Amino acid sequence: MLLLAIETSCDETAAAVVRDGRELLSSVVSSQIAIHAEYGGVVPEIASRKHLEMITPVINQALREAGVGLSAIEGITVTRGPGLAGALLVGLSAAKAIACARGIPFVGLHHIEGHLLATFLEKPVEFPFLALVVSGGHTHLYLVAGVGRYRTLGRTIDDAAGEAFDKSAKIMGLGYPGGARIDALAREGDPAAVRLPRPMMNDGSLNFSFSGLKTAVLQHVAKHPVTIPGQPANDLSASFQAAVCDVLAAKTREALRRTGAERLVVAGGVACNSGLRARMGRLARDLGIELHIPSPALCGDNAAMLAVPGDYYLEHGLASPNSLDAVATWEMDRIGEGSR
Ligand code: KG4
Ligand code: ZN
């Protein structure tokens, strides 16, 4: 099936054309980061308006780059949630409008389902596998038994890993979003320079907590003001990144032990982090398991990732009803309910 995929859950307007859930023909991502950066975070009202302005040009660009016309598209896959309600509605309405006008099916998906399966666009992974999803809104461990078959093993009880990166970067005066900036500075710093906590690392659960780590960064900066650019920011960035990676690696190792999974997928925007990619590489080598981390362009928000589960559902006749609503909060364990 030739699918058009649309993603507008947060601050990226994205569209892609993918054949058979595997062959990526185009992937266009129009980021609003520069607009929101001056407010220090995403402003929902501005995000919706910008999506509205960009949705048609972005879809047209995706079709043009794929070298196909709208008449060749056989189905549409779109993010239904979770995310900003107004932002989601722009993508969902566009998907419904095209599906209705063209008489083709569409399916509304969970955003994280896309992140989980994005790596299939580069190389299919055998089920079952363990997945660590680390993004701006999620830090979750899932056991993935097949498309649509996800069991949550652990999750953050407060901030997500990406949120911790962004909030800590803000405290250090690195701007928004600061994950990639911390990553760059950490390469020049000493990870042992600042003693920071590893929250919940050895508590026996598979859950995470990152808000205490952010508070420790805040307290450190209050005592030792960070000058940018300079050694303190490099060392604090490296120490913070090491603390996050230690916790993520320890919990992932424990989840692999408990499930006996032989394959690991790491996904979401924070999976771009060079320290985390290296750490997971070491973990996989140690344990002799298969590791799959998508290329950075497929880790961050994009529409192409939705085509992997989208193709599966539409091929199985599981389209969404035209009455489908957008959902701001939505647990992965309940993805089947009302969506198809
Ligand atoms: O998956 P994503 O693009 O959007 C959400 O679904 O949230 O993830 C965005 C998050 C942001 O918090 C951003 O700071 C973080 O991913 N991020 C990084 C890096 N690149 C993006 N965090 C750490 N290191 C990076 N290199
Ligand atoms: Zn995302």
Side-chain angles (χ1 to χ4, degrees), residues 5-14 16 27 29-33 36-37 40-42 44 47 78-84 87-88 91 109-119 131-140 142 155-156 159-172 174-187 189 191 208 210 213-214 217 237-245 247-248 265-280 293-306 308-309 328-330 332:
I6 300 173
E7 148 67 35
T8 61
S9 66
C10 190
D11 59 350
E12 257 109 28
T13 315
S27 179
V29 179
S30 167
S31 176
Q32 306 176 1
I33 282 180
H36 299 288
V42 178
V78 61
T79 305
R80 178 197 181 196
L84 303 170
L88 289 163
L109 300 179
H110 195 294
H111 178 76
I112 295 301
E113 204 173 2
H115 277 305
L116 276 177
L117 302 172
T119 198
L132 170 70
V133 178
V134 272
S135 70
H138 283 73
T139 301
H140 283 55
Y142 298 103
R155 56 181 300 165
T156 179
D159 292 351
E163 207 177 341
F165 266 98
D166 294 339
K167 287 179 177 172
S168 298
K170 206 165 169 181
I171 292 166
M172 290 188 245
L174 302 177
Y176 173 87
R181 190 92 178 90
I182 288 186
D183 190 358
L185 292 178
R187 286 170 217 216
F208 305 87
F210 291 107
L213 184 55
K214 166 203 65 194
V217 170
S237 294
S239 303
F240 169 82
Q241 188 167 296
V244 174
C245 290
V247 176
L248 294 175
V265 168
V266 184
V270 182
C272 292
N273 186 269
S274 58
L276 184 63
R277 294 174 85 93
R279 180 68 63 91
M280 290 298 170
I293 311 182
S295 307
L298 288 173
C299 287
D301 282 350
N302 66 88
M305 64 185 190
L306 298 166
V308 181
T329 53
W330 190 10
M332 274 282 273

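FYI, the numbering just counts along the sequence from 1. One-based numbering, in listed order, for ligands and for the atoms of each. Hydrogens, waters and symmetry mates are skipped; everything else that's a heavy atom, side chains included, is used. On a predicted model such as this, the values are computed, not experimentally measured, just so you know.
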Which of the listed options, Pro296, Gly269, Cys299, holds the heavy atom that is closest to atom 21 (C) of ligand 1? Gly269

Using modelled atom types and a 3.5 Å cut-off, is there a donor and acceptor pairing between side-chain atoms of Thr139 and backbone atoms of Ala161? yes

Ignoring hydrogens, what is the shortest heavy-atom contact between Gly114 and Met305? Give both atom names and the distance. O-CB, 3.3 Å

One finds that the ligand 1 atoms under 4.0 Å from a non-hydrogen atom of Gly162 are 12 (O)

For His115, state whether at least one heavy atom is located under 4.0 Å from any atom of ligand 1. yes

Return the closest protein heavy atom for atom 13 (C) of ligand 1 as residue, atom name and distance. Asp166 OD1, 3.8 Å

Ligand 1-proximal atoms of His138, by part, heavy-atom distance under 4.0 Å: neither

Residue, atom and distance of the protein heavy atom nearest atom 26 (N) of ligand 1 read Asp183 OD2, 2.9 Å

Got a sec: is Cys10 within less than 2.8 Å of the Zn ion (ligand 2) via an N/O/S atom? no

Short side-chain to backbone donor-acceptor contact, Ser9 and Leu88, under 3.5 Å: no

Taking all non-hydrogen atoms of both residues, which atom of His36 and which atom of Val42 are closest, and how far apart? ND1-CA, 3.6 Å

Check if Gly137 has a non-hydrogen atom at a distance under 4.0 Å from any atom of ligand 1. yes

Starting from the Zn ion (ligand 2), look over the N/O/S atoms of Asp301 and name the nearest one. OD1

Which atom pair, heavy atoms only, marks the closest approach of Ala5 to Leu306? CB-CB, 4.5 Å

Is Glu12 in contact with ligand 1, taking contact as a heavy-atom separation below 4.0 Å? no

Basic-acidic side-chain contact under 4.0 Å: Lys170, Asp166: no

Just go through Asp301, Val270, Asn302, Asn273 and tell me whose heavy atom is the nearest to atom 2 (P) of ligand 1. Asp301

Backbone or side-chain N/O/S of His138 under 2.8 Å of the Zn ion (ligand 2): no

Looking only at protein heavy atoms, which one is nearest to atom 22 (N) of ligand 1, and how far off is it? Gly179 CA, 3.5 Å

Looking only at protein heavy atoms, which one is nearest to atom 7 (O) of ligand 1, and what is the separation? Gly136 N, 2.7 Å

Interatomic spacing from CZ in Phe210 to NZ in Lys167 - rounded to 0.5 Å: 12.5 Å

Mind checking whether Met280 and Ile293 have side chains closer than 4.5 Å, heavy atoms only? yes

With the Zn ion (ligand 2) as the apex, the NE2/NE2 angle for His111 and His115 - to 10°: 90°

Please work out whether the ring planes of Trp330 and His110 are parallel, tilted or perpendicular, with thresholds of 30° and 60°. tilted

Please check: side-chain N/O of Arg277 versus main-chain N/O of Ala271, any donor-acceptor pairing under 3.5 Å? yes

